[in-house]
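Both backbone and side-chain heavy atoms feed into the values below; hydrogens, waters and symmetry mates do not.
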Amino acid sequence: MAEIPTAQTPARSTLKTRGDLLAVGLALLLVVAAVVVGAHFNRPGSDVVLWAKAAPLYGGWVAHYGPGSLAAVLIAGCVVFWGPPLAQRLSWGRLLAVGYVGALCWTFALAMIDGWHRGFATRLSTPHEYLHEVPGITDIPAMLAHFSDRILEGQPGQWTTHVSGHPPGATLFYVWLDRLGLSGGAWAAVVTVLVGTLVTVAIPVTLAALGRADAARACLPFVVLFPGAVWMGVSADGMFAGVTASGIALLACAGRAFEQRRRVAVPLALASGALLGFGIYLSYGLVLLGVLAIAVVLWWRSATLLAFAVLGALAVVAIVTLAGFWWLDGYHLVVERYYQGIASLRPYSYWVWGNLAALVIAAGPAVVAGVRRLRGWEPVVALAGAALVAIAAADISGLSKAEVERIWLPFTVWLLPATALLPRGSHRWWLAAQAATALMVNHLVLTIW
């Protein structure tokens, strides 16, 4: 595939930089407007219920610091100063390994700003989370067969908030951990972060497989210092992002393998379909990642790739359906359950644009500037553009009023390739802005999930 030329005249480069700063300025105005309007709606005596004290983020305004504060600043400094040159100099395998470890340290340090117990060990064991239900699930086939019966509020044995709001795959993930002997909140948090951080490998691997190894190297430091890591550690949605991003990466690798007529192509395509198929049983909204999968298939223009990937996904759907859970029944019940709760009170008129402000915070200013530069048809544009389409559909649906800083993580991470379009000489400045965003949010807002 043809490479996108990067050489620019100084005047043109200056104009583009001004455009980047203007885009970031407008995004900042959106965030400020969402914060101001949110504070107005949250004032005492208001008849508008946002159910988010730090709107547009779900949490409370609590200035704090913790044992992870200094470590997070030091890690950010190391990535800002050494990340860009190392991304160009290290061998591919070593770069992916260093990137993964760096993202792991960054995510854990951010979680530890809230302390070991609140920020990490007990995040997934609150009464609203999946682990609350794990001890009561002794028969997995019976759980799947009767899962839908316990979704609606008021039903006998009603599931907890997060279990009822998701397909059974998310709960099964933690049940399987428990069966493996990795019981309790600390182990669940460790595995959740380990899996979620796989996006640091999956995104550059996808770009490289699609013929943009240069973009893969350029964006990797930005994937490491992703501001959304505030919610990747340790939200289950971060785990969802890791699983599905791995599926997209395998799909891209399968496409290249088919093009090169390698025997590994069919297993890769089947595995990618299976992971993405399992993804729709982690969260109903992840069906929108089909847009990303289609973008990858269209890039390769391979009907064979599509056929084997679909076959892998259908195998997962068949297994879960035969076990007794029908995805569409669960989806319709979840929509009904959604409006039995606080979603019926949260105003769509605020959240339809307030969500976008939360997205800006989770993605960071570098992503805003990168997205502004999307042009033409090439892998970076295909991936980030598909993610934007998925986000727009999720936002308009009204089924994610608030909390999208974590709910949209599986989509948001695919905006990170756009940072590869930023001028190389500016990468350290943009990385510093990404780190500052995460540090400011994590020290000023006490997040819930």
Side-chain angles (χ1 to χ4, degrees), residues 20 22-38 50-52 54-59 110 196 199 203 219 222-223 225-232 235 237-238 240-241 244-245 283 285-286 288-289 291-292 343 346-374 380 383-419 421 430 433-438 440-442 444-445 447-449:
D20 295 341
L22 176 60
V24 171
L26 292 174
L28 180 59
L29 285 176
L30 175 67
V31 172
V32 171
V35 170
V36 171
V37 174
L50 295 183
W51 213 275
L57 300 178
Y58 189 53
L110 290 175
V199 300
I203 291 171
C219 80
F222 291 95
V223 183
L225 284 188
F226 176 44
V230 170
W231 298 276
M232 295 283 278
S235 162
D237 296 87
F240 303 166
T244 53
S283 177
L286 295 186
L288 292 173
L289 282 174
V291 180
L292 265 156
R346 284 172 167 165
Y348 180 84
S349 58
Y350 172 81
W351 288 111
V352 72
W353 62 274
N355 283 345
L356 300 180
L359 171 68
V360 166
I361 295 170
V367 168
V368 173
V371 166
R372 188 201 72 83
R373 289 172 171 258
L374 295 177
V380 171
L383 295 172
L388 288 173
V389 171
I391 288 167
D395 191 34
I396 293 170
S397 75
L399 294 177
S400 296
K401 289 187 286 186
E403 306 176 48
V404 299
E405 59 271 16
R406 66 166 180 84
I407 295 172
W408 288 354
L409 283 173
F411 308 132
T412 308
V413 296
W414 289 104
L415 297 178
L416 290 166
T419 58
L421 302 178
W430 287 116
Q434 294 290 92
T437 300
M440 183 169 62
V441 168
N442 217 151
L444 295 180
V445 178
T447 56
I448 302 297
W449 303 114

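- Shown here are the side-chain contact (heavy atoms from CB on, under 4.5 Å) partners of Val31, two or more places apart in sequence or in another chain: Val35, Ala357, Val360, Ile361.
- No side-chain heavy atom of Trp351 sits less than 4.5 Å from a side-chain heavy atom of Val404.
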Point to revise | Residues Val24, Trp430; criterion side-chain contact (heavy atoms from CB on, under 4.5 Å); working and verdict | key: CA-CA 11 Å; Val24 171; Trp430 287 116; 3.8 Å; yes
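- Partner of Trp414 under the side-chain contact (heavy atoms from CB on, under 4.5 Å) criterion, out of Leu292, Ile391, Leu388, Thr244: Leu292 alone.
- Of all heavy-atom pairs between Val445 and Ala54, the closest is CG1-CB, 4.0 Å.
- Without hydrogens or angle criteria, Tyr348 side chain to Ile396 main chain gives a donor-acceptor distance under 3.5 Å.
- A distance of 9.0 Å separates CG in Leu225 from CG in Leu110, rounded to the nearest 0.5 Å.
- For Glu403 (side chain) and Leu57 (main-chain N/O), no donor-acceptor pair under 3.5 Å exists by modelled atom type.
- Looking only at distances, a side-chain donor or acceptor of Asn355 sits under 3.5 Å from a matching main-chain atom of Ser400.
- From Leu409, atom CG reaches atom OG of Ser283 across 11.0 Å, with rounding to the nearest 0.5 Å.
- Taken from CD1 in Ile407 to CH2 in Trp231, the straight-line distance is 12.5 Å, to the nearest 0.5 Å.
- Under a 3.5 Å cut-off, the side chain of Arg346 and the backbone N or O of Lys401 do form a donor-acceptor pair.
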